[in-house]
Number of protein chains: 2
Amino acid sequence: MAKRESKTKLDSYEAIFSALAHAARRRVLLAIYFNGGSMTAGEIAAMFAHAWQTTTRHLQVLEAAGLLSHERQGRMRIYRIEQKRLKLVNDWLGHFFKKP
Amino acid sequence: MAKRESKTKLDSYEAIFSALAHAARRRVLLAIYFNGGSMTAGEIAAMFAHAWQTTTRHLQVLEAAGLLSHERQGRMRIYRIEQKRLKLVNDWLGHFFKKP
DNA sequence: CTGATATTCAGCTGTTTTGCTGAATATTCA
DNA sequence: TGAATATTCAGCAAAACAGCTGAATATCAG
């Protein structure tokens, strides 16, 4: 494979679309959204059949893409949706629906 | 890795978001769009530094995701954007911006 | 037909992703 | 303090992906 300059932040779209490419991650976002915008890691992990460690990593991917942020509250972590970031993709797609 | 039921078409979102996850593929879509909606494979491949075979595969990914379609015209292939499909993702994202 | 042009197909390799399991860390409760 | 709870970290294996090269296919021009 060709050189890949350290996955620069420059390409936010890459991170965001990749994050959204996985069904589990889309499901996480929808679940959090319909839960009012935030959920604990445990609640999220409970929705899936696979190991919670796997979900943990999905959450990290989503967070790295900027689609989620988290905050500790006691011994649990609350994840929250970052709409701003979703807006970015939404705007990108918008290109294709503008009448030029 | 766990079983994976043959990448069913059921999940169109998977295909579409994965396709959009790669910068080259997003660039292809934008280029075609700003070129009026269609372009030949050659014109598209010419935009990239990498081997045209690589671009061919990107085009196939985009087509498999339903984001492009093609038509032969003589010895060249004309690729065309499928807006309908992009609309699908746009609508998915729309969830997050609706006031409930 | 022959050669040039346009483009895809097939197979190889290195990298990334995804899921798993086995710890580790942090916080609360008794 | 010690046990229970909530969650992440680390490392492994299988699969998927992106790039490459070499060959094949199809069409056009002469």
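Just so it is clear: chains get the letters A, B, ... in the order the sequence lines come, proteins before strands, and each one is counted from 1. On a predicted model such as this, the values are computed, not experimentally measured, just so you know.
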Sugar-phosphate only, base, or nothing, as touched by B:T40 at under 4.0 Å among non-hydrogen atoms: sugar-phosphate
Given DNA chain D, 5'-ward residue of the pair A:T55 and B:H50, judged by closest heavy atom: A:T55
Point-to-point distance, once rounded to the nearest 0.5 Å, from CG of B:L68 to CG of B:L59: 6.5 Å
Backbone N/O of A:W52 and side chain of A:T56: donor-acceptor pair under 3.5 Å: yes
Rounded interatomic separation in angstrom, taking CZ from A:R26 and P from C:dT18: 12 Å
d(CD, A:E43; C1', D:dA6) in whole Å: 12 Å
Length of the line joining B:H70:NE2 and C:dT8:P, which is rounded to integer Å: 7 Å
Presence of A:T56 side-chain N/O under 4.0 Å of D:dT8 phosphate oxygens OP1/OP2: yes
Aromatic ring pairing B:Y79/B:H70, orientation class (parallel under 30°, perpendicular over 60°, tilted between): tilted
Sugar-phosphate, base or nothing in reach of B:A51, heavy atoms under 4.0 Å: base
Cationic tip of B:R26 above A:F17 ring, under 6.0 Å, 45° of axis: no
Separation of C:dA6 P from B:I44 CD1 (nearest whole Å): 14 Å
Distance, rounded to the nearest Å, where A:M76 contributes CE and D:dT7 contributes C1': 12 Å
Per-nucleotide protein contact string for nucleotides 22-30 of chain D (B base, S sugar-phosphate only, - none; heavy atom under 4.0 Å): BB--SBS--
Nucleotide C:dA6, atom C1' - distance to OH of B:Y79 in whole Å: 11 Å
OP1 or OP2 of C:dG19 under 4.0 Å from side-chain N/O of A:H22: yes
Atom pair distance, as rounded to whole Å: CZ in A:R77 and P in C:dT28: 13 Å
Rounded distance (Å) that lies between atom P of C:dT17 and atom CD of B:E14: 14 Å
Side-chain H-bond candidate by donor/acceptor type, B:E14 with A:H22, under 3.5 Å: no
B:Q83 side chain near B:Y33 side chain, heavy-atom distance below 4.5 Å: yes
Under-4.0 Å side-chain N/O to phosphate OP1/OP2 contact, A:H58 with C:dG19: yes
Pairs flagged by salt bridge (charged side-chain N to carboxylate O under 4.0 Å, His left out) wherever residues 65-83 of chain A is involved - sequence neighbours left out: A:E71-A:R80
Residue A:R57, side-chain heavy atoms: nucleotide from C:dG19, D:dG19, D:dT8 that is nearest: C:dG19
Residue-phosphate contact under 4.0 Å: A:Q60 side-chain N/O, D:dT7 OP1/OP2: no
Nucleotide paired to D:dA24 in any strand shown, Watson-Crick or G-U, under 3.5 Å: C:dT7
